[in-house]
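These notes concern the structure reproduced below.
Heavy atoms only: backbone and side chains are in, while hydrogens, waters and symmetry mates are out. Order of appearance sets the numbers: ligands from 1, and atoms from 1 within every ligand. Fair warning: this is a prediction, and the values are worked out from it, not measured in the lab.
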Amino acid sequence: MSFAKVPEYSAKHPKPADITYEYGTAGFRTIGENLESTVFRVGLLAALRSQSKQGKVIGVMITASHNHERDNGVKLIDPLGEMLQQSWEAYCSKLANAASDADVQSVLEEVVRAENIDTSIKAKVAYARDTRPSGPLLQGALEDGLAALDVDASNYGIITTPQLHYIVRCLNTAGTAAAYGEPSEGGYNSKYGKAFLRLVEGKPKPTTLHIDAANGVGAPQVRKLAQSIDSPYFNIEVHNHDTETLGKLNINCGADHVKSNQHQPAGVTIVPGGRYCSFDGDADRIVYYYADESGHFHLLDGDKISTLVATYLRDLVSEAGITDLQVGVVQTAYANGSSTSYIKDSLKLPTVFAKTGVKHLHHKAEKMAIGVYFEANGHGTVLFNPSAVDALTNADPKTPAQADAIQRLWALRDLINESVGDAMSDMLLVETILICKQWTLEQWDMAYTDLPSRLLKVIVNDRSIFQTTNAEQTLTSPEGLQDVVDAIVAKFPKGRSFVRPSGTEDAVRVYAEAATRHDCDQLAYTVAGAVFDKAGGRGERPAEFL
Ligand SMILES: CC(=O)N[C@H]1[C@@H](OP(=O)(O)O)O[C@H](CO)[C@@H](O)[C@@H]1O
Ligand SMILES: [Mg+2]
């Protein structure tokens, strides 16, 4: 491969002089039209990443998930469908910020040297995008990047983020013992649909599941999944499915909106007894919810999903008679305190905290035999470590019940998208457990009661001055601010609050929980006010409850 064509193509996608890009929690993310040069350059880097992996297929997804429709983003997917190895993030940022076309070329050369890349290897990239209006422009820029380096590129069209992760893993494992499935949309639907039916067939059928698809790519895709499953066990009604009309994506709907506001989305009428869930804009997050008899809204978020799944897996492992197979749970500091206590004290399962962002949770879950990880916002999955696969392979069932439990564990593994958190696969997993237990959403919700919580954003002059430690729960900078937060928290029974800079938005996040709704709000706004006053707040001071 030569870089000869790079300057010519690069000149078509000049970098805006006044913007600095950073590969953050979920790749690059900003106003879509400002991302053209970045996406072009991500194409170049994807080629080098593929070569550094001896020609394995690398994924490139163009999406800004739950963010505003005018935003867009791009991220790289590593060969097994996992997020890009962290050490490469710095290359991404450096390349995105290279000022001139010549600088682009020198950063590429620097990466080749640093990683000792054999550039004669044919690079392979699989890419896709969501439904955003800036998608076609950015896809064009990506294709130029891939053409500049003669990459063997495949376009998978408009699909969900987890579908592309799945496809990348399938492509790279084809023909091996770890073959993951058919690398296509149809292969995805068939793999997960079949595993689901294997687990539920013969049980009583559930009522309709109402899905809020956030007017995003999850809408057409979940309909295709339902067509493929074609069974009363998966009887769905899709709401907020308008991907054509501008201005609707994620607006007053979707998993992020429902979780942040703790109320139902627009476009869905919820009635007691009904079953509801919301995807986010690229369908990698899911939350469930219902209304009780008196019409009150109740959210079943990522923590509730994680505890449901961990309990089910723990019980199956025990029914299978496998004694040395441990289920563990990974959470972030945003997990509701009640869920953490429940996992430790009632389920008696090990639990650890990771930093925000699924890549951090994923890595911690890999270290567990069966690692269940979810962010509170509904993004997560389950990983079966090779030791778990060995334990299942070598299991020696003594009774038909044990043999059945082992078969169910294998089927569950097929139902779960281990490459990344996936709204559709997670939905089938939750549906499976509810069908098997014959539980309503209200019964599922009874395991523990959430502490009231509140998540706020404070806009500051420079969020880079915020630095944290202790899985992001303690500020090390600005100096003295953590002491102020601690002093405020100490005044509230069961109070907990922490402050960290967002990795996806130009804001600082304040999380708080406490014994009552009133205390929780008071705590959140007092901490947010302190952040605003002591660390360069901009705009209006957060003061709702003061
Ligand atoms: C509190 C919160 O929900 N943070 C989200 C958000 O990250 P921030 O770094 O907080 O902006 O977006 C990430 C990407 O989608 C997601 O992984 C994470 O959980
Ligand atoms: Mg998402």
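- Inclusion of Arg285 in the set of residues having an N or O under 3.5 Å from an N or O of ligand 1 is warranted.
- Defined by atom type and a distance below 3.5 Å, a donor-acceptor pair is missing between the side-chain atoms of Ser228 and Tyr192.
- The Mg ion (ligand 2) has Ser65 OG, Asp280 OD2, Asp282 OD1, Asp284 OD1 as its protein N, O or S neighbours under 2.8 Å.
- Checking side-chain atoms of Asp280 against main-chain N and O of Ala283 turns up a donor-acceptor pair under 3.5 Å.
- Of the polar atoms of Pro501, none of the N or O atoms is found under 3.5 Å from an N or O of ligand 1, judged by distance alone.
- Residue contacts with ligand 1: Ser65 is excluded, as none of its non-hydrogen atoms falls under 4.0 Å.
- In terms of the side-chain contact (heavy atoms from CB on, under 4.5 Å) criterion, residue partners of Ala528 (sequence neighbours excluded) are, by chain and number, Leu456, Val458, Val510, Pro542.
- We find the OG1-OH distance between Thr160 and Tyr188 to be 5.0 Å, quoted to the nearest 0.5 Å.
- For the residue pair Tyr290 and Asp445, a side-chain donor N or O sits within less than 3.5 Å of a side-chain acceptor on the partner.
- Of the N or O atoms in Glu505, none lie within a sub-3.5 Å distance of an N or O in ligand 1.
- Considering backbone and side-chain N/O atoms, Arg509 comes within less than 3.5 Å of an N/O atom of ligand 1.
- Any N or O atom pair closer than 3.5 Å counts here, and Thr356 shares no such pair with ligand 1.
- In terms of polar-atom proximity, defined here as any N/O pair under 3.5 Å, Arg500 does make such a contact with ligand 1.
- Residue contacts with ligand 1 include His66, since one or more of its heavy atoms lies under 4.0 Å from the ligand.
- Between Ser190 and Glu182, the side chains place no donor N or O within less than 3.5 Å of an acceptor N or O (distance only, hydrogens not considered).
- In this structure, the side chains of Ser453 and Gln262 come closer than 4.5 Å at one or more pairs of heavy atoms.
- Among all non-hydrogen protein atoms, the one lying nearest atom 5 (C) of ligand 1 is Asn377 ND2, 3.8 Å.
- Tyr373 and Glu366 form no side-chain donor-acceptor contact under 3.5 Å, judged by distance and modelled atom types alone.
- Note that CD of Gln473 is 9.5 Å distant from CD of Gln482, once rounded to the nearest 0.5 Å.
- Neither the backbone nor the side chain of Tyr511 has a heavy atom within less than 4.0 Å of ligand 1.
- Side-chain contact check for Tyr312 versus Leu429: every heavy-atom pair is 4.5 Å or farther apart.
- For atom 16 (C) of ligand 1, the closest non-hydrogen atom on the protein side is Glu375 OE1, 3.4 Å.
- Salt bridge Glu505/Arg463: absent, no basic N to carboxylate O contact under 4.0 Å.
- Residues Lys304 and Tyr448 have side chains in contact (heavy-atom distance under 4.5 Å, counting atoms from C-beta outward).
- Protein heavy atom at the shortest distance from atom 14 (C) of ligand 1 is Ala26 CB, 3.8 Å.
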